[in-house]
Amino acid sequence: MDLKNIVMQYQFNTIEKNWQKYWAEKKTFAAEDNSVKPKFYALDMFPYPSGAGLHVGHPLGYIASDIYARFKRHQGFNVLHPMGYDSFGLPAEQYAIQTGQHPAVTTKTNIEGGTDKDGNVIPGYRNQLDKIGFSFDWDREVRTSEPNYYKWTQWIFKQIFNSWYNNESDKAEKIDSLIEKFKAEGNSNIKATTDFEETFSASDWNSWSEEEQQKMLLNYRLAYLSDTWVNWCSALGTVLANDEIKNGVSERGGHPVEQKLMRQWSMRITAYAERLLKDLDTVDWTDSIKDIQRNWIGKSQGASVIFDVDGHDGEIEVFTTRPDTIFGVSFMVLAPEHELVAKITTAEQKDKIEAYQKAASLKSERDRMSDVKTISGEFTGAYAIHPFSGDKIPVWIGDYVLASYGTGAVMSVPCGDQRDWDFANHFNIDIPNIFKDKDISEAAYAEKDAVITNSDFLNDLPVKKATKLAIYEIEQKGFGKGKTQYKLRNAVFSRQRYWGEPFPVYYNGETPYLLDTNDVVELPEVDKYLPTADGEPPLARAKKDAWNVDCPGDRMEHNTMPGWAGSSWYFLRYMDPTNENEFVAKDKVDYWQNVDLYIGGAEHATGHLLYSRFWTKFLYDLDYIPFKEPFKKMINQGMIQGNSALVYRDIDSGKFVSKGKKKDYKTSSLHADINFLDGDILDTERFKNWRAEYNNAEFITEDNGEFICGREIDKMSKSKYNVQTPDVLVQKYGADTLRCYEMFLGPLEQHKPWDVQGITGVHGFLKKAWRLFHNDEAFEVSDAEPTKEELKTIHKAIQKVTGDIERYSFNTVVSNLMICVNELTAHKCNKRIILTDLVVLMSPYAPHIAEELWSKLGNKESLTYQPYPKFDESHLIESNHKYPISFNGKMKFLMELPLTLSKEEIEKEVMANEQTKKYLAGREPKKVIVVPKKIVNIVG
RNA sequence: GCUCGAGUGGUGGAAUUGGUAGACACGCAAGACUUAAAAUCUUGUGUCCAUUAGGACGUAUGGGUUCAAGUCCCAUCUCGAGUACCA
């Protein structure tokens with residue numbers, strides 16, 4: 001074998017190892033804290049370090065942000081590009097429950113590598129990430145489960161606890177200012193976000209005991225303890241937030257969820273509803289994510305109207321978005337849980353109503369959802385009084401009205417609302433028509449383009465005007481007021497689990513107090529990670545002296561914080577990860593500001609992305625940070641799906657049947673490990689050795705002896721044996737190939753199945769690039785002047801690649817680099833000037849090979865901070881243009897003409913051309929369109 | 001049901017403002033080198049008709065605007081995501 005030839009081959013394994021070592025030792029990617037350079041903050045959503053490790057889908061977004069970060073370094077930016085771990089979470093705790101191993105231990109193994117309790121090798125996230133050549137500044141790593149991190153999560157909680165929301169200044173303020181006002185004038189003049197509606201005076205406040213005052217303050221604090229209807233998941237032993245439930249079951253594990261009244265910590269995120277909605281306009285996110293958040297916040301405008309109940313003191317308050325239809329009301333419906341129901345129900349209806357209430361309460365959230373079509377309800381026997389007409393309106397209950405939205409009661413306008421129409425139709429209730437010339441005999445008329453009629457002072461008005469006038473009259477007469485309603489609920493902030501942040505809270509009796517210490521409250525050791533016998537959370541197992549802090553009260557808080565606590569502010573900690581005195585130093589956050597480019601999955605639309613916006617606004621209000629939105633620009637990478645391999649087994653004989661012979665047998669299919677495949681061909685020996693039951697497997701192969709598997713697109717998961725790890729590919733093709741290939745696969749945002757077939761093409765491109773710098777025996781570049789063609793090739797690439805990266809079109813960059821290398825190969829170009837530019841162009845995508853070639857070109861320093869090549873248009877300017885000549889819009893042939901020609905001259909040249917005459921075949925053109933530098937179109 | 005997004009060769013995809021549809025790559029076919037294989041290189045490759053020259057069709061479907069439509073407008077279908085009695 002030719003030794004020289006081997007030396008000059010592209011040895012990616014050696015090259016990549018060397019440069020990864022170099023970068024780590026020289027701290028090449030360290031971000032500078034005190035820099036005169038402009039800053040750029042490129043951030044990935046940090047991962048939960050699971051024991052399964054990385055598959056090829058995980059690094060997709062990381063590769064994109066890394067490319068952008070490296071690109072920005074070339075452009076002279078001081079780049080902050082950190083990585084860390086969202087390391088509190090359920091899987092580590094579930095594993096702890098099963099094995100008794102402390103979740104901190106498994107978490108550390110999952111990050112740093114090792115073996116689990118069963119002896120399985122865990123590669124470790126860090127090791128896997130390192131092999132891909134990311135330019136992370138690892139000195140800034142954070143782990144949310146480390147006390148030096150969650151110390152500050154607790155600190156932020158304390159700030160939120162010690163704040164209230166002033167609707168007048170429209171921002172959060174310190175609770176002290178509220179206490180001062182209570183002392184001086186009670187709560188009557190205070191406009192705060194609260195569910196507490198009664199008033200008290202200064203003397204009331206001052207006469208209350210400390211405990212009573214604290215209880216009152218909980219109605220105002222932004223983090224507060226209250227009895228709340230929560231989503232209780234007994235299988236997981238904890239409550240879940242609305243965004244943790246998908247299709248009525250828990251997102252994790254798919255367990256049933258029921259409604260339960262529990263004393264829980266909550267965050268008053270509703271105070272920020274309007275700002276969370278409005279500021280969406282200021283961020284560069286996809287419309288889809290913005291829409292999801294808008295829907296989730298669910299703003300609707302209308303009026304709240306009060307109806308008296310005939311013969312009772314109680315009144316029914318409803319929220320409606322259509323106050324213009326108030327004269328169309330023919331009945332009212334209350335939620336079965338509405339507090340008034342028991343009071344107003346007549347004796348005759350009592351049994352029926354109670355039976356209905358009972359049935360409704362037994363229905364789970366899921367049943368209620370799957371049962372939307374069924375119309376049910378019950379008449380209370382009571383009547384409300386229409387505020388304007390004085391008519392008596394029957395009051396019903398029905399479970400299509402939700403207790404948790406608005407006031408839990410609706411005024412039903414069957415002619416304008418389909419649900420009301422259905423209800424009225426089903427129970428034979430009157431359906432008065434208040435829309436001029438609209439037919440409501442078959443369905444409600446919900447469009448807002450009607451003219452109102454049969455409606456007293458609203459007659460002959462269009463919807464918009466009628467709405468305005470109705471609200472005006474309602475307010476004038478004191479029947480209610482204009483109101484804005486949000487779907488967004490306050491966020492439940494406690495979980496009955498072990499592996500999360502402990503609260504810096506203790507109790508005296510039932511009253512919570514913040515611990516006075518600045519020390520972190522560490523997770524105490526417990527004997528088991530399970531709830532106690534009487535259903536208390538695992539932390540109740542810790543004795544008072546098991547905690548690292550002194551508990552001055554009766555007991556510590558036993559709940560822990562939810563998963564979103566640590567992730568709501570982690571992007572701030574990267575700026576100052578080791579600060580022991582502050583969560584982040586003012587000068588650092590002033591310099592780094594918010595995240596310029598954030599890449600991660602769209603599945604966090606209503607969770608993490610909403611909560612971190614909330615906390616950011618809160619910290620802004622208290623003047624800790626100088627910006628209102630955490631993430632300026634966001635890209636949501638698509639999911640990479642698995643490409644499962646199926647083998648077919650003949651049901652009668654148990655023999656395995658190749659795909660091509662499948663139709664001759666009655667088969668069932670099962671998943672085979674994709675690692676046994678070469679293309680679609682199964683390595684039958686490896687398959688036989690996979691499991692004992694397959695040791696004696698027999699195969700019915702194709703005629704050529706190959707065994708072909710079927711393929712199927714699934715989610716990439718261990719259970720489908722379709723997981724492709726990056727490690728295997730890095731070993732086989734190198735990290736640079738993997739990086740380029742993952743980008744080459746298609747647009748970043750798109751979901752796509754993983755298919756390894758095309759990777760050879762990308763690998764070939766890097767080999768081809770390598771060969772530009774080498775002859776058969778050695779590295780060789782020429783110092784000769786480049787030709788016009790060579791300059792044109794490289795500048796075309798500079799223009800395309802730069803433009804494509806800037807508009808985040810990561811996939812087309814690879815194509816353009818390929819075209820560049822193909823053309824330079826065709827030119828046999830090894831000119832130093834050209835290849836130097838090429839190396840820098842390639843470096844964000846294929847940093848290892850770029851560094852290697854860069855050093856071979858004679859450079860001593862890393863090319864990380866090498867200026868990006870400048871596009872010079874003069875190399876692309878042509879004197880001629882190849883005009884496509886079209887006839888009636890169909891292109892027939894090309895004609896090269898000088899660019900200096902005028903429209904008229906072009907037309908003359910084209911019309912004089914032989915081919916033109918041929919295509920016209922004697923016809924006289926009606927019209928000739930000439931677009932200089934573009935096209936000629938002959939009509940006729 | 002509502003909201004949003006997407007439908008382009010055998011496959012992944014390209015076409016930034018309406019201006020040569022299918023760049024780039026995979027796969028496939030033929031050839032070169034080789035005892036052979038791998039690697040590498042060359043050529044071809046949207047569909048249909050035609051020996052060639054060439055012609056017709058073609059970006060989910062149907063219509064429209066325009067000299068010109070994958071791109072703009074209207075309607076329909078399919079797929080994906082979100083949401084689900086939100087008054």
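Given the structure is predicted, the values throughout are model-derived calculations rather than measurements. Just so you know, these numbers use all the heavy atoms, side chains as well, and skip hydrogens, waters and symmetry mates.
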Considering heavy-atom distances to RNA chain B, does A/Leu745 or A/Val762 have its closest nucleotide positioned more toward the 5' end? A/Leu745
Contact class for A/Gln750 (heavy atom, under 4.0 Å): base, sugar-phosphate, or nothing? sugar-phosphate
Among B/U16, B/C24, B/G19, which nucleotide sits nearest the side chain of A/Lys800? B/U16
Taking only N and O in the side chain of A/Lys767, is any of them less than 4.0 Å away from OP1 or OP2 of B/U40? yes
Atom CZ of A/Phe765 and atom C1' of B/A25: how far apart are they, to the nearest Å? 12 Å
Selection from B/U20, B/C24, B/C41 that lies nearest to any side-chain heavy atom of A/Ile935: B/U20
Kindly say if A/Asn822 contacts the phosphate of B/C24, meaning a side-chain N or O under 4.0 Å from OP1 or OP2. no
Count the heavy atoms of every other residue, nucleotide or ligand shown that sit under 6.0 Å from CD of A/Glu806, and state whether that count exceeds 12. yes
Assess whether a salt bridge exists between A/Glu878 and A/Lys792, defined as any Lys/Arg side-chain N lying under 4.0 Å from an Asp/Glu carboxylate O. yes
Salt-bridge present (A/Asp281, A/Arg294; N to O < 4.0 Å): yes
Base, sugar-phosphate or nothing for A/Arg489? Non-hydrogen atoms, less than 4.0 Å. nothing
Using modelled atom types and a 3.5 Å cut-off, is there a donor and acceptor pairing between side-chain atoms of A/Arg739 and backbone atoms of A/Tyr845? yes
Using a cut-off of strictly less than 4.0 Å, decide whether A/Gln418 has a side-chain nitrogen or oxygen near OP1 or OP2 of B/G1. no
Under 4.0 Å, counting only non-hydrogen atoms across every strand here, what does A/Asn811 touch: a base, just sugar-phosphate, or nothing? sugar-phosphate
With nearest nucleotides of RNA chain B determined for A/Ser815 and A/Gly746 from heavy-atom distances, which residue corresponds to the more 5′ nucleotide? A/Gly746
Any chance CD of A/Glu873 has more than 12 other-residue heavy atoms, nucleotides or ligands included, within less than 6.0 Å? no
Tell me if B/G9 is syn or anti. Syn = glycosidic torsion within 90° of 0, anti otherwise. syn
Regarding the side chain of A/Ile292, the nearest nucleotide among B/G13, B/A25, B/G82 is B/G82
So does A/Ser300 get a side-chain nitrogen or oxygen closer than 4.0 Å to the phosphate oxygens (OP1/OP2) of B/A87? yes
Contact class for A/Lys927 (heavy atom, under 4.0 Å): base, sugar-phosphate, or nothing? sugar-phosphate
Hey, does A/Tyr919 reach any base, or is it just sugar-phosphate, or nothing, if we go heavy atoms under 4.0 Å? sugar-phosphate
Closer than 4.0 Å, any side-chain N/O of A/Asn295 to the OP1 or OP2 of B/A84? no
Contact class for A/Pro753 vs. all strands (heavy atom < 4.0 Å): base, sugar-phosphate, or nothing? nothing
Ignoring hydrogens and geometry beyond distance, is the side chain of A/Asp291 in donor-acceptor contact with the base of B/C4 at under 3.5 Å? no
A/Lys483, NZ: over 12 other non-hydrogen atoms inside 6.0 angstrom: yes
Mind calculating the distance between CE (A/Met639) and P (B/G5) to the nearest angstrom? 20 Å
Touch check for A/Val931, heavy atoms < 4.0 angstrom, all strands: base, sugar-phosphate only, or nothing? base
Does B/A56 have its OP1 or OP2 closer than 4.0 Å to a side-chain nitrogen or oxygen of A/Lys892? yes
At under 4.0 Å, does any side-chain N or O of A/Arg807 touch on OP1 or OP2 of B/U17? no
